[in-house]
Amino acid sequence: MTTSKILIVDDEPYNLEILSEYLEDCEYELTTAEDGLQALALMEDEPEKFDVVLLDRMMPGIDGLEVLKKMQAHPVLCHIPVILQTGMANKQDILDGLDAGAYYYLTKPFEGDMLLSVVKTALRDRNAYKELHATLQSSQKTLGKMESSSFKYQLLDEAHAIASLLAGACPDPGKIVTGLSELMVNAIEHGNLDISYEEKSELLGDGAWETEVNRRLQEPKYRDKFAEVSFIRSTEYIEITVTDEGVGFDWAEYMQFSPERVLDNHGRGIALANSLSFCQIEYKGIGNEVAARILLTPLPETARK
């Protein structure tokens, strides 16, 4: 098992020391940078090196938001989870950070347990992204002409494998696969298996989420439930529809990143799919069916502004 590599960026040497002490017992490989320019130089020199960046927002010269924006413009660095640490904790400041690409937040002062929890969440998401992309490589070359398909699935491994397969039939599959996987996993856990948002928070905190998913799949109440995903290509767009057998949910509040949930250990998937993976996602009816679209013809410049 490879060691996770974390870059810690802060202009205060004392803060670098404290953060390093909190993380040193977790067997992570830690690198520190004292300003934004040094951090960018380290990342651009080895774009694939770091798994998570722990980034101070307020720094002289290039601040944390500017570092974030430059990372988002980079084809590799844009996929690295960034934990933005800041004392600026009002709603607008958090929204500014989310808009810049920070989906993980630490507000100062914070406890060591909170730091470890957020880092663990970011690393979990990073590892899931890397696994999906490894699967994607094997299918991408053969599926570009696929016009339609449909699959039923029940297990988490099936959801990830099918998401990689279908993403390989899309332009920019690396962008599609993460959001599609989130929508497909949601159909299993929250749809068919009735795992609530609060229950998932507790299960992830205890490291028991996947165990509970697999346990419920064996129960008579759930073992005959399947989710379904369909793929249709037209001349203008690809539409992927995910349907589950659950009772639906109030999806509207999850379509955008929420400052109220920014410190939670999950809850970013639908917003990520909506803002980064697809040109449009639309929940239908009671919320147990979602259609996601990928444009095949680029929008005119005037329409993108």
Side-chain angles (χ1 to χ4, degrees), residues 1-10 15-33 39 43 48-57 64 68 71 77-86 89 94 97-98 101-134 156-157 159-160 178 181-182 185-186 189-190 195-214 254 257-272:
M1 183 176 179
T2 58
T3 302
S4 298
K5 298 175 177 62
I6 299 175
L7 175 62
I8 308 173
V9 190
D10 200 302
N15 290 340
L16 290 175
E17 181 180 347
I18 292 297
L19 290 166
S20 297
E21 287 180 358
Y22 278 138
L23 295 169
E24 64 184 3
D25 292 334
C26 298
E27 299 183 354
Y28 301 140
E29 181 179 318
L30 306 178
T31 303
T32 60
M43 289 187 284
E48 302 279 359
K49 178 176 180 178
F50 298 108
D51 296 300
V52 167
V53 177
L54 186 56
L55 179 65
D56 188 26
R57 174 167 178 162
L68 262 172
M71 290 179 67
L77 300 181
C78 65
H79 297 297
I80 300 176
V82 174
I83 303 169
L84 197 63
Q85 49 156 336
T86 178
I94 292 176
L98 292 172
Y103 310 126
Y104 313 85
Y105 238 90
L106 277 173
T107 55
K108 299 176 181 178
F110 51 79
E111 299 293 331
D113 288 346
M114 176 60 74
L115 169 66
L116 295 175
S117 176
V118 175
V119 168
K120 182 180 178 181
T121 297
L123 282 171
R124 185 192 71 231
D125 292 346
R126 173 64 168 170
N127 289 333
Y129 169 85
K130 290 166 76 172
E131 289 175 7
L132 285 170
H133 275 251
L156 295 175
D157 287 347
H160 294 314
T178 302
S181 178
E182 290 284 355
V185 169
N186 280 345
E189 56 174 0
H190 298 310
I195 296 176
S196 70
Y197 187 93
E198 293 74 21
E199 284 178 310
K200 185 172 181 180
S201 297
E202 291 185 17
L203 290 167
L204 286 173
D206 295 337
W209 170 73
E210 190 166 348
T211 299
E212 176 63 11
V213 168
N214 291 330
Y254 298 100
F257 295 105
S258 169
E260 287 74 24
R261 297 195 305 272
V262 76
L263 295 180
D264 292 356
N265 57 13
H266 68 110
R268 301 166 181 82
I270 293 173
L272 279 168

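Here the structure is a predicted model, which is why all the values come from computation and not from measurement.
- Other residues, nucleotides and ligands place no more than 12 heavy atoms under 6.0 Å from the CD atom of Glu27.
- Rounding to the nearest 0.5 Å gives a distance of 4.5 Å between OG of Ser181 and NE2 of His160.
- Remark: Thr211 pairs with no residue by the side chain to side chain contact (heavy atoms under 4.5 Å, CB included) rule, at least two apart or across chains.
- Note that CG of Leu55 is 11.5 Å distant from CG of Leu106, once rounded to the nearest 0.5 Å.
- Atom NZ of Lys5 sits about 12.0 Å away from atom CD1 of Ile80, to the nearest 0.5 Å.
- In this view, Tyr129 and His79, His133 satisfy the side-chain hydrogen bond (donor to acceptor under 3.5 Å, both in side chains) rule, not counting sequence neighbours.
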Give the table of side-chain donor-acceptor pairs shorter than 3.5 Å for residues 201-210, with sequence neighbours excluded, one pair per line with atom names and distance.
{"from": "Ser201", "atom 1": "OG", "to": "Tyr197", "atom 2": "O", "distance (Å)": "3.1"}
{"from": "Ser201", "atom 1": "OG", "to": "His266", "atom 2": "NE2", "distance (Å)": "2.9"}
{"from": "Trp209", "atom 1": "NE1", "to": "Glu189", "atom 2": "OE1", "distance (Å)": "2.8"}

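- No side-chain heavy atom of Leu54 sits less than 4.5 Å from a side-chain heavy atom of Leu7.
- Residues Ala159 and Val185 come closest through the heavy atom pair CB-CG2, 4.2 Å.
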Q.
I'd like to know whether Leu23 forms a side chain to side chain contact (heavy atoms under 4.5 Å, CB included) with Ile8, so could you lay out the CA-CA distance, the side-chain angles of the two residues, the decisive distance to 0.1 Å, and finally the verdict.
A. CA-CA 10 Å; Leu23 295 169; Ile8 308 173; 4.0 Å; yes
Could you pull out every donor-acceptor pair under 3.5 Å between side chains of residues 114-125 and any protein atom, sequence neighbours left out?
{"from": "Thr121", "atom 1": "OG1", "to": "Ser117", "atom 2": "O", "distance (Å)": "3.1"}
{"from": "Arg124", "atom 1": "NH2", "to": "Asn265", "atom 2": "O", "distance (Å)": "3.0"}
{"from": "Asp125", "atom 1": "OD2", "to": "Tyr104", "atom 2": "OH", "distance (Å)": "2.7"}

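- In terms of heavy atoms, Ile6 sits closest to Phe50 at C-CD2, 4.0 Å.
- Using modelled atom types, one finds a donor on one side chain and an acceptor on the other under 3.5 Å when comparing Asp10 with Gln85.
- Distance CG/Asp113 to OH/Tyr22: 9.0 Å, rounded to 0.5 Å.
- Residue Glu21 places its CD atom among more than 12 non-hydrogen atoms of other residues, nucleotides or ligands, all under 6.0 Å distant.
- For the residue pair Glu29 and Thr3, the shortest heavy atom distance occurs at N-CG2, 3.5 Å.
- In terms of the salt bridge (Lys or Arg N to Asp or Glu O under 4.0 Å) criterion, residue partners of Asp51 (sequence neighbours excluded) are, by chain and number, Arg126, Lys130.
- Residues Val53 and Met43 come closest through the heavy atom pair CG2-SD, 3.7 Å.
- Closest of all the heavy-atom pairs between Lys49 and Thr31 is NZ-OG1, 4.1 Å.
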Q: Run the numbers on His190 and Lys200 for side chain to side chain contact (heavy atoms under 4.5 Å, CB included), then give the verdict.
A: CA-CA 9 Å; His190 298 310; Lys200 185 172 181 180; 4.0 Å; yes
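- Annotation for Leu84 and Ala102: closest pair CB-CB, 3.8 Å, computed over non-hydrogen atoms.
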Q) Does the pair Ile270 and Asn186 meet the rule for a side chain to side chain contact (heavy atoms under 4.5 Å, CB included), with working shown? A) CA-CA 9 Å; Ile270 293 173; Asn186 280 345; 3.4 Å; yes
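- When side chains are defined from C-beta on, Val52 does not count as touching Ser4, because their heavy atoms never get closer than 4.5 Å.
- Every residue meeting the side-chain hydrogen bond (donor to acceptor under 3.5 Å, both in side chains) condition with Ser196, not counting sequence neighbours, appears here in chain and number order: Glu199.
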